[in-house]
Structure formats: structure tokens, C-alpha cells
Number of protein chains: 2
Amino acid sequence: MKIIVDAMGGDNAPLQIVLGAVDALNQDKNLKVVLVGDQNAIEQSLCECKEYDKNRLDIIDAKDVITNDDTPTTAIRTKKESSLVKAFDALMHDDEAGGFVSAGSTGAVLVGAYLKVGRIKGVTRPALAPVLPTLKGNGVVLCDCGANVDCKSVNLVHFAIMASAYATAMLGVKNPRVGLLNNGVEEHKGNELTQEAHKLLAKTEGINFLGNCEARDILSGDFDVVVSDGFNGNIALKSAEGTANTMLSLIKEGVYSGGLRTKLGALMLKPVFAKVKKKMDYNAHGGACFLGVKKVVVKSHGASKAKSVTASILQAKSLAESKICDKIASGMSVLDKPETAEN
Amino acid sequence: MKIIVDAMGGDNAPLQIVLGAVDALNQDKNLKVVLVGDQNAIEQSLCECKEYDKNRLDIIDAKDVITNDDTPTTAIRTKKESSLVKAFDALMHDDEAGGFVSAGSTGAVLVGAYLKVGRIKGVTRPALAPVLPTLKGNGVVLCDCGANVDCKSVNLVHFAIMASAYATAMLGVKNPRVGLLNNGVEEHKGNELTQEAHKLLAKTEGINFLGNCEARDILSGDFDVVVSDGFNGNIALKSAEGTANTMLSLIKEGVYSGGLRTKLGALMLKPVFAKVKKKMDYNAHGGACFLGVKKVVVKSHGASKAKSVTASILQAKSLAESKICDKIASGMSVLDKPETAEN
């Protein structure tokens, strides 16, 4: 299985991307990686890596880079020599290539995937789905968390089908429990969109819809999938992120401003904090999958370091091997009723 | 200054409400309180209280109660003998009464305030605004966080004006920095609603609009006011709440499953955890104010105990003394342009 990697995307490219790719190669002997980007820069980064099997690593030279300052659609259409566009081309023209990883501009990755990879039949809106940690440990797929800011209720049904297939592939859950992100658990709660989506989800076959999920319960472990329009999903995700950071900062502040006893206590609790921090850091376990396009596309966090690049590459491989795209296609194909199939 | 208190609202009514009211009376010699609810139950609860100045406490007997199971609008219209309806009547017919506190059903309190107290001229949508803790310490007003699930952009402009007046009264900030809750900081980001609201807010006089605020920055301390439709505000608030709880649970779990050293460390850090928990618990500092109605209405958390009831009562008094409703009215009166004045 070959994974195409945009070596120039993200704050720490190319070094951390290259380091991460080499670690992935060393961890999985059946993996091949193609690094796309400035060949000289990539080769220089490779000099800083441990030993690796050179037969399983290729480089595609690409002199241009798409940055966060570029307008995604224009950049994908005009920057033909960019690492991102050439990486998508490689993904589509190499039959051995099963998946793609980039830590670059989210907008450009999504637009590129949409235009270059194309949508699975029946999917009008591919969606971005990270896996978040839960209290009970298994993880929860939040879909969509930013690709589609304005949605119709039918899109949320599609998200439920795609994210259910994803939860099965990623988390090993057989019949994923689906919740609808809403402002209350009661059935009648919500805005126009969620009230309509609730009714549609309740009658959609092939998903295990439990009902509404309040934002405070996303991390509870009571759901395997939480669906939302991309705007609200983004708000929920970032609010969680901000709160986790604020709490860690407050604890740190309390420790620094405390006496010797406090500092000693913090030292003794260091392993606990490290574990909590690791658990809350959803980026460490890979990237967010862009569900609904014809090949596996994983968006790694812009600030990704080698470790999370490795995780994203292995995740892309495992998803491609699980034939996630075929499973989504088969899930979508049962939607033949007019109200849940959007044209 | 007299504050009307719904003695029967909330999970711990009437005892914790009555205890909280008596504590408030003892903390502020210029405060009068009217407790509305079942007279026998209130008198029984009063027997469990410390000494207090009986001249400053009145009881209005009300035999009925509105619960979370009631439909708000129907309940307010038909349950004339309920503590909530009688409390609103007292608020409106007693000229000395400056404010109102309830820990009862949020929906019923909002509908009651809307119908019985009435809106300030120009305000089409009163909004619920809690004060959240921030890293830098001053607090931030999140408005709306649940009263209006579907909003127009002009409503968000009204929220900005009302919440700015509120931030000045509650937090003592002179020229409150206003952010628009959005899925990115860049000006062009957002869904239809926030893109439109951004343009309107930028040209509204009398507010200090800084631009978009991502959900991860709500608690940063960089904003004094964050405006949002009630659905998104609710998602952001509850996601923050859920994450804070999840993190505390994870730390607790780590401590319990650790060895003696971990437990000793936790013991030494106890004051730090207590401080963080207290800081993150926005309910301890009072309730959420329902901005845009003609008198001060404070909604205390349903699980409120005496301490937060006391805080809510003192908050209501201080807001009434600051003439917050007049200030909101004067802020709204400058909106005479057709695009920001909604009829």
C-alpha cells in the first residue's frame, strides 16, 4: 500500500513531515511512501533521518507551495506545480496509491480533494471528521467539523452514514451509536436545521441513531459518532480545545505561583498530567479524515510534528486497507428515497 | 433595593434558595428580598437559617410550581398561581422591585420575562448572557447562549449593544472589546449569518468591535463580549463545560489508579485544583442575565446551591443599581438606521 504525502504542507514542513514519513516506513514494512515537494529540501531532510528502506520511498519534485494565504480554489486551479496539486495528481494516477496525507492549508486540501479526487456517488458534501478522545476511552467521530459551514438537513444524514462507516473502520465499533449535536436532548429541541435533521435521521435505515447529543456530552463516550453542520462542529471542537488549554494553563499558573509543596505535588503528578494531555491531544493519534471523496484523504494538523505525521500516514494506510471508500459508497447507495438523496 | 426571588425554582428549592436569600440579606444591609412560593415550605426552610433582619424579608404565597416538564408558553399563560408567574407579577407591580432571580426552568423564565416584563424599545430578541471565566481573569460575556436558536444578523448587533452595556456594569470594563463567534478569524470566514453580521457589526457605532473570535479564544481574555446566535453560543458553552468536566475526571481517574506517590502529589496540589475548579465554575459567581427586558432578570443554574443563589441575588441588585436597563435602552436608541433597527 502506497501513501502519498504532501511534504511541504504545515508549519514544520518539510523536516517534520519527512521524519514522520521515515518513522512510518520503519514501523510498517508493507508501507510505501511518496513524498511530494521540493526535491532538494526533502533530500536534505532525509539526511537527518534514521536508516530506512530506500526502496519503499519515492520523491516527486514540486517547486511550488500552497500556503494559508492562498485562496484555496484559485490555488488548486492555478498552482499546477505545487506539492499539493502534484500530490493529488499522483494519488489519482498511481493505482497502487491508496491514501493521501497533508498538514497544509485545510481549505486547499479540501478543495483539492473535492476537485481532484472527486466525490463518491450520492455524496454532495464531503465532510471533515476528526476522532476526539472520550472519557470512556474509545473515541468519538465528530462530523462535520469545518468543511461545510451552511448545511441542509439531508447533508447531516450523509454525514451520519459516512461517519458510521468511518467509526467502524477506525474505532472497530460494530454498530456505531450516532448522536445529533443539538442544544438539548429533547426531541423537539434545536434550530430549523437540527429539528429537520432529527426527523430525517430517525427514519434513515442502516444507522444507529440515538437522538440529540448536547455539546457537553460529545466526550462522554455515550456516542461513537456525533453529526453536525461544519460551523457548529467547528465551534464545539475549538471550544473544547480552548477549554482544555485554559485549564492546563490555569493548573500550571497555580503550580508556579504556589510554594515548594505545590511544586513537589506537581512533580509527583507529572505522569498523570502527561497522560491527560496526551489523551486530550486528538492530533497525536492522526489526522481528520475527509469523508466522501473517492480515495482516503487525511488532513494532519498544521502544527504537526513527526509523531503525528507518522500517525496520520499509518491511519491513511489502515483506512485504505479497510476499503472505507467502498463502504461509504455502499452505505450511500441504500439512500434511494427522495428526501434523503440529494441531487 | 428589593429583589424578587422565585423560591420554588431549581433542583434544590426551596431550602437552598431560602438559605441563599438569607445569606444575601446578611451580606448587604440595603437589600430587601421577597421570596415567592409555598409559604409553609418557605417558613420551614427559614427555621434552618441563621439570624437575619426579618424586616427586610417578605413572602408571597404561591401554591403552584412550573417545572422543566411544563411547556414554557402554556405554563406562563395558565399557571397563574405558580411561584414564577406570581414573582413576575410582583416584579412588575412593586416599584421598589429592581430585579428578579430564579433557578427554575430556563424556558419558562425566558418566556415569562418576555411576556410579563416586556422588551426594551428596539430589542426584538432578548438574549441570555452568562459571564465566563477567562485566562487573564476579567471574565467574558457570552451572548446569546440559548434564548434564540435561529437568528438574523441584526439580532447579533443588538446582542453586541446589550452585552457591551452589561460588560461595563458587571465587569467594570469601559469600552468592552466585542468579538463575533466564528469558525475563523479572517474577515471572510463564516456561514451566511456570521458573514452578514460581521459587516453590520463593523459599521455599528457605539460598540468596540474587534472582529471574529474563534471558539478556542472565548476564554482567552482577549474579548470582553462574544456575540453569537443562541444555538452556537449554547454549543460553545456546553462544549467548554463538558471538556472541563472530562479533564477533571481524567485527572481524578489518573490519581485513583496511580500509586501512593500520585495520591500524595494530588493531596499537595489540592488547593490548586480547588482554585481551578472554582475559577472554571461560572455558576458560582451568579447567574446568566436575560438582557433586553425592562427589568433585571437573572437566571441561576438549575443545580444552584445557597452560595450561587446569594451571588445571583447580589448580582441582580448591583445590576439594577447600575441602571443596566436604561443603559441598554440608550444604546439601542442610537440604532436608527434601517439595516440595524429591526421592526
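Since we're looking at a predicted model, the values are computed, not measured. Residue numbers begin at 1 in each chain, while the letters A, B, ... track the order of the sequences.
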> If you count heavy-atom pairs under 4.5 Å with chain B, which of A:N148, A:V255, A:N182, A:L264 comes out on top?
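Among the listed options, the one with the most contacts to chain B is A:N182.
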> How long is the span from the CG atom in A:N191 to the CZ atom in B:F231, to the nearest 0.5 Å?
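Here the rounded value is 4.5 Å.
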> Please determine whether the number of non-hydrogen atoms from other residues, nucleotides or ligands lying under 6.0 Å from atom CD of B:E186 exceeds 12.
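It does: B:E186 CD has more than 12 such atoms within range.
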> Check whether more than 12 heavy atoms from other residues, nucleotides or ligands sit under 6.0 Å from atom NZ of A:K199, and answer yes or no.
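No, because the 6.0 Å sphere around NZ of A:K199 holds 12 heavy atoms or fewer from other groups.
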> Measuring only between side-chain heavy atoms, which start at C-beta, is A:F273 closer than 4.5 Å to B:I251?
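Yes; the side chains approach each other to less than 4.5 Å.
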> Contact part of A:L181 toward chain B, heavy-atom cut-off under 4.5 Å: side chain, backbone, both or neither?
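For A:L181, heavy atoms of backbone and side chain both lie under 4.5 Å from chain B.
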> With a 4.5 Å cut-off on heavy-atom pairs, point out which of B:I235, B:N234, B:L193, B:T134 contacts chain A the most.
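The answer is B:I235.
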> OG of B:S249 to NZ of A:K136: how many Å apart, nearest 0.5 Å?
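The NZ atom of A:K136 is 11.0 Å from OG of B:S249, to the nearest 0.5 Å.
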> Counting only non-hydrogen atoms closer than 4.5 Å, does A:D217 touch chain B with its backbone (N, CA, C, O), its side chain (CB onward), both, or neither?
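Neither part; nothing is under 4.5 Å.
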> If you look at every heavy atom in A:R261 and B:M268, which pair is closest and at what distance?
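Taking A:R261 first and B:M268 second, the nearest heavy atoms are O-CB, 3.7 Å.
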> What residue, out of B:G258, B:A215, B:A266, has the most heavy-atom pairs lying under 4.5 Å from chain A?
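Ranked by contacts with chain A, first place is B:A215.
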> Quick check: are there more than 12 heavy atoms from other residues, nucleotides or ligands sitting under 6.0 Å from NZ of B:K279?
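Yes, because the 6.0 Å sphere around NZ of B:K279 holds more than 12 heavy atoms from other groups.
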> Could you state the interatomic distance from CE (A:M247) to CG (B:L135), rounded to the nearest 0.5 Å?
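Reported value, rounded in 0.5 Å steps: 12.0 Å.
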> Pick one of side chain, backbone, both or neither for B:T194, based on which atoms fall under 4.5 Å of a heavy atom in chain A.
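For B:T194, the side chain is the part near chain A, not the backbone.
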> Tell me whether A:K79 at atom NZ has more than 12 heavy atoms from other residues, nucleotides or ligands lying less than 6.0 Å away.
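More than 12 heavy atoms, drawn from other residues, nucleotides or ligands, come within 6.0 Å of this atom.
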> Just give me the residue among B:P133, B:S257, B:G242 that pairs up with chain A most often, heavy atom to heavy atom, under 4.5 Å.
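Counting heavy-atom pairs under 4.5 Å, the top option is B:G242.
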> Find the one option among A:E214, A:K270, A:K275 whose heavy-atom pairs under 4.5 Å with chain B are most numerous.
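Answer, by heavy-atom pair count under 4.5 Å with chain B: A:E214.
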> Could you check if a side-chain atom of A:R216 sits within less than 4.5 angstrom of a side-chain atom of B:N245, using non-hydrogen atoms only?
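They are not in side-chain contact.
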> Under 3.5 Å, side chain of A:D150 to main-chain N/O of B:E192, donor-acceptor pair present?
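The answer is yes, because a donor-acceptor pair under 3.5 Å joins these two groups.
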> Against chain A, label B:V272 side chain, backbone, both or neither, depending on which of its atoms sit under 4.5 Å from a heavy atom there.
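Looking at B:V272, just its side chain touches chain A.
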> Any heavy-atom pair between the side chains of B:L250 and A:M280 that's under 4.5 Å?
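Counting from C-beta outward, A:M280 and B:L250 do come under 4.5 Å.
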> Name the option with the most non-hydrogen atom pairs under 4.5 Å to chain A; the candidates are B:L267, B:V276, B:T262, B:N232.
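Result: the option with the highest number of such pairs is B:N232.
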> Checking B:E253 against chain A: side chain, backbone, both or neither under 4.5 Å from a heavy atom?
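B:E253 touches chain A through side-chain heavy atoms alone.
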> Taking the side chain as every heavy atom from C-beta outward, state whether A:E241 and B:T243 have any pair of such atoms under 4.5 Å apart.
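A side-chain contact is absent here, since even the closest heavy-atom pair is not under 4.5 Å.
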> Where do A:S239 and B:A236 come nearest, in terms of heavy atoms and distance?
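Closest heavy-atom pair between A:S239 and B:A236: OG-O, 2.7 Å.
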> Which atoms of A:D229 are under 4.5 Å from chain B, going by heavy atoms: the side chain, the backbone, both sets, or neither?
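Contact with chain B is absent: no heavy atom of A:D229 under 4.5 Å.
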